[in-house]
Amino acid sequence: MFERAILVHYHEIGLKGRNRAHFENVLKRNIRAAVGGLTAHETRRIASRLLVRLSDPERREDVIARVTALPGVSYVADAFVTARDLKDMGRAAILSMEEAGEWDSFRVEARRSNTDFPVSSNQINVEVGQRLVDEFGRRVDLTRPEATCFIEVVQGDAYVYSRRVDGPGGLPVGTAGKVVALLSAGIDSPVATWRMGRRGAVVVGLHFSGAPVTDDASIHRAYRIGGILERSQIVGRIYAVPFGEIQREVSLEAPADLRVLIYRRLMIRIGEAIAVRERAGALVTGESLGQVASQTLENIAAVDAVATMPLLRPLIGDDKQDIIREAQRIGTYETSIMPGDDCCTLFMPRTPATRATVEQLDDGEAGLDVERMVRDALESLTHRDFECPAYRSPPRRKRRDAGSENGRDVLDGGV
Ligand code: ATP
Ligand code: MG
């Protein structure tokens, strides 16, 4: 019986010097958190891969599913651990090819990370290949094999496998800073959130509900999206802001055709205030050029004028069809199309402006106490936390209120 292990491969490009050790440590931590509780295990680095040893081989599929959900993972190999001995490798090769499904032709692909093993990769290929021909009576095909037996020889051990499962690639969450994503629970913003996480950012979601004018259904959808992305450890926390009252005020004061853009500018300001507290470096939206009236170049510029930090739009050049496919792939689509209004459908004008200017929006906002609105929003925040080893919540700030002994938490007025 051979021990089983999962070998985690990651992209090595761009990972030079100190950067690389950091990347590996973050990925190792994320993997440990993902598989913790499944089976006693050990995760350590060997020759530019991470090795997850399994004490309970029955849990292999669970471990593979969890690890391949993590950004930074290029693919994992479902391996047999053997001694650095050709006979052992041959026996493990037979077992691994029995797991390779239906195949008629095969090849062996050996790699040595250490040249202290006296047998060359080519010799391993020939000898183990012969062993497999003897066992299965099938043909070798070096150019288009139906199955491949991989053998990786590293310090101390060898790993033999025929099965690879792809991960999402990208960078481990926690290697690219923190962002605040405006998360509507529509189709686009969960995909934008996923894209940022795949590039290594830890994401704090910010959802605006129509409460108290509407019910809380959209908040629960946003939290559900957080739960789906939790498998990839992307979202640390989602804040929810009841936005209905603010929208009502805007609708009374501002010209109807500019309302949507003024809502959006308020969202950006509230997002920035939260980003400052969270020590996040940018805001993210799910906008895509020309998709709806608020997403023309002119309107984007007029909204951006109030932002002081970078406003990232990972989907700006994507077609809706592609975004939908991606939402289906990452598993958020079904939740995004569930019925239930967020604040977007409240107080919507019949004909929104498609070419607003900064001046028009400034004028449109002139009668509003924008600062108070932002303050109100921050006071009425609630949030939910998600499993995300990269996330650090902001320090809780205390404010002394008149008559209050202990002061009160001002980060978050809710639970
Ligand atoms: P989505 O599918 O992400 O809702 P959309 O195509 O419906 O996008 P808009 O409604 O114009 O487009 O919203 C553009 C972006 O503004 C969203 O992608 C999101 O980042 C942000 N946004 C809109 N509504 C909300 C909301 N209720 N809460 C948080 N962010 C929002
Ligand atoms: Mg929307």
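Atoms within each ligand, like the ligands themselves, are counted from 1 in listed order. FYI, the numbering just counts along the sequence from 1.
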Please identify each residue that fulfils side-chain contact (heavy atoms from CB on, under 4.5 Å) with Gln360, with sequence neighbours left out.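 In terms of side-chain contact (heavy atoms from CB on, under 4.5 Å), with neighbours along the sequence ignored, Gln360 is linked to Leu258, Ala356, Thr357.
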
Could you tell me how the ring of His9 sits relative to the ring of Tyr75: parallel (under 30°), tilted (30 to 60°) or perpendicular (over 60°)?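 Aromatic pair His9/Tyr75 classed parallel.
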
More than 12 heavy atoms of other groups within 6.0 Å of Gln328 CD: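 It does: Gln328 CD has more than 12 such atoms within range.
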
Evaluate Val284 for polar contact with ligand 1, using N/O atom pairs at a separation under 3.5 Å.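 No.
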
May I ask you to check whether Gly286 has an N/O atom sitting below 3.5 Å from an N/O atom of ligand 1?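 Yes, there is a polar N/O contact under 3.5 Å.
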
So which atom in Ser55 and which in Pro57 form the shortest heavy-atom distance, rounded to 0.1 Å?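 Closest approach of Ser55 to Pro57: O-CD, 3.5 Å.
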
Is the distance from the ring center of Phe208 to that of Tyr263 below 6.0 Å?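 When the ring centroids of Phe208 and Tyr263 are compared, they turn out to be at least 6.0 Å apart.
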
Which ligand 1 atoms does [X] reach within 4.0 Å, using its non-hydrogen atoms?
X: Glu287; result: 14 (C), 15 (C), 18 (O)
X: Leu182; result: 19 (C), 20 (O), 21 (C), 29 (C), 30 (N)
X: Thr285; result: 20 (O)
X: Ile187; result: 2 (O)
X: Leu206; result: 29 (C)
X: Asp188; result: 1 (P), 2 (O), 3 (O), 5 (P), 6 (O), 8 (O)

Tell me the contacting part of Val260 for ligand 1: side chain, backbone, both, or neither, using a 4.0 Å heavy-atom threshold, strictly below.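 Near ligand 1, Val260 shows nothing, with every heavy atom at 4.0 Å or more.
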
For atom 11 (O) of ligand 1, which candidate among Lys320, Gln295, Arg313, His207 provides the closest heavy atom?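 The residue whose heavy atom sits nearest atom 11 (O) of ligand 1 is Gln295.
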
Please say whether the positively charged group of Arg49, taken as NZ for Lys or CZ for Arg, lies over the ring of Tyr10, i.e. under 6.0 angstrom from the six-membered ring centre and within 45 degrees of the axis.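 Here Arg49 fails the 6.0 Å and 45° test against Tyr10.
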
Does any donor atom in the side chain of Thr296 or Thr354 lie under 3.5 Å from an acceptor atom in the other side chain?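 Looking only at side-chain atoms, Thr354 and Thr296 do not form any donor-acceptor pair under 3.5 Å.
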
